[in-house]
Amino acid sequence: AVDAAVDAVAEAREIGRILADSKLAYVAIGTARGPLVTPVLYGSAGGAIWVLTNNHALKAKVWRKRPRAGWTVRSGNTAVAFTGEATMLSVRDVAGALARPLGLVAVPPAVLSWVCRNPRQVGGFVRDAIAHPTRGMPQDFVLVRLQPDSATIVRDLADSDDVGDADPRIAEVVPDGLAELTTQRTGILGLSTPDGPVAMPAGWDHEQSIIRLSSAAAHLVAGAGTEACITFDEPVHLRPTEQRGIVLRGRVQPDPGDDAGALAFDADRVTYWDGFAVETVDITG
């Protein structure tokens, strides 16, 4: 019992370190066309992480119907994969916020944490709002609390250096430079499970379209469907209109020619973002 308690304390400290070191949480939602994982800046308060979205964004629409969420946070070659509940608080809907168990009392420390963790990005938001008012995020912000009920540490992740050339089928349908992101050796895998969507770091062989799961996270995919996605993005920029990333979307199946935990991935479409402009296009050929 003592050893278990010591291990729990050490794990909690490592999770705290990863949350403190990282900038982005990769959040999975379940859509009508399968899981989707996208990165968001976050704050940390009250044992949860807090993210901002727009009231009309896809994440907000999904969470209003199905509040289960999965997200992962990475620092170097270690990450934490979380599952839990999403609770949305609109600063414009005071009555609705008061009616929730969290109430408005949770809002100030959550907002303060978000601002203090991301001061340069806050400045970038302001500059974009002035320089590109039509491209900036709409002002109907929603604060989302992601409260974990499980946390799994995944270690020994490969560096995300680009390896080889991008698939020309992807390069044909996305803006210049985005396809090259898919040559990284790791990505964030999204799957749908009976308990809700999950997001976790995974190894990626883009030449063979093979995803390799960490044994530490294997239990998270129990009962997962075949619809899947894997997400790649650029390092954090100061201005949101500069941020870019790409999600390969399709289906997975166990890879018959590889070890257990390897999945063959068949991508049939991509979702990509360039600032706040988001598009989904089919892969042809």
Side-chain angles (χ1 to χ4, degrees), residues 7-29 35-44 47-51 59 68-86 113-114 117-118 144 146-163 181-193 195-206 210-222 224 228-236 243 245-248 252 259 261-263 265:
D7 290 343
V9 170
E11 182 175 282
R13 287 177 176 171
E14 186 166 17
I15 292 172
R17 177 192 63 78
I18 293 169
L19 288 174
D21 287 348
S22 185
K23 278 286 187 183
L24 296 173
Y26 294 83
V27 179
I29 58 172
L36 180 64
V37 175
T38 52
V40 290
L41 296 167
Y42 66 89
S44 180
I49 71 166
W50 297 78
V51 304
K59 287 192 287 290
R68 288 295 297 176
W71 62 98
T72 193
V73 178
R74 178 174 179 175
S75 174
N77 65 351
T78 307
V80 187
F82 298 94
T83 62
E85 296 284 332
S113 172
W114 196 97
R117 282 183 52 84
N118 307 290
V144 184
L146 296 176
Q147 177 65 51
D149 51 36
S150 77
T152 302
I153 296 177
V154 181
R155 297 183 174 88
D156 301 323
L157 302 175
D159 293 334
S160 294
D161 297 333
D162 295 353
V163 179
L181 294 177
T182 65
T183 66
Q184 296 177 25
R185 294 189 293 172
T186 58
I188 305 299
L189 173 66
L191 292 168
S192 296
T193 76
D195 193 41
V198 295
M200 69 197 76
W204 171 242
D205 179 345
H206 80 281
I210 298 295
I211 296 170
R212 291 187 173 86
L213 303 178
S214 166
S215 58
H219 66 283
L220 293 175
V221 305
C229 72
I230 186 163
T231 296
F232 311 90
D233 64 332
E234 296 177 338
V236 178
Q243 203 68 44
I246 185 169
V247 187
L248 304 184
V252 292
D259 300 332
L263 301 172
F265 182 61

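Keep in mind the model is a prediction, meaning the values are calculated, not measured. Counting from 1, the numbers follow the sequence of the chain as shown.
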Q | OG1 on Thr72 to CE on Met200, rounded to 0.5 Å | A | 8.5 Å

(Q) So, taking the atom named OG1 in Thr83 and the one named CG in Asp149, what distance separates them when rounded to the nearest 0.5 Å? (A) 4.5 Å

Residues two or more places apart in sequence or in another chain: which of them pass side chain to side chain contact (heavy atoms under 4.5 Å, CB included) with [X]?
X      : answer
Ala228 : Leu189, Leu191, Val252, Phe265
Thr78  : Glu14, Arg17, Ile18, Ile153, Arg155
Thr182 : Ala166, Ile170, Phe232, Ile246, Leu248

Identify, with sequence neighbours excluded, every residue that meets side-chain hydrogen bond (donor to acceptor under 3.5 Å, both in side chains) alongside [X].
X      : answer
Glu85  : Arg68
Thr152 : His219
Gln243 : none
Thr231 : none

**Q.** Validation row: Leu24, Leu41 side chains within 4.5 angstrom (heavy atoms)
**A.** yes

Q. Should Ile230 and Trp204 count as side-chain neighbours, where that means a heavy-atom distance under 4.5 Å?
A. yes

Q: Measure from the side-chain N and O atoms of Ser22 to the backbone N and O of Ser75, and report whether any donor-acceptor pair falls under 3.5 Å.
A: no

Q) Just by modelled atom types, is the Pro197 backbone N or O under 3.5 Å from a matching donor or acceptor in the Ser192 side chain? A) no

Q: Would you please name every residue forming a ring pair (Phe, Tyr, Trp, His ring centres under 6.0 Å) with Tyr26, sequence neighbours left out?
A: none

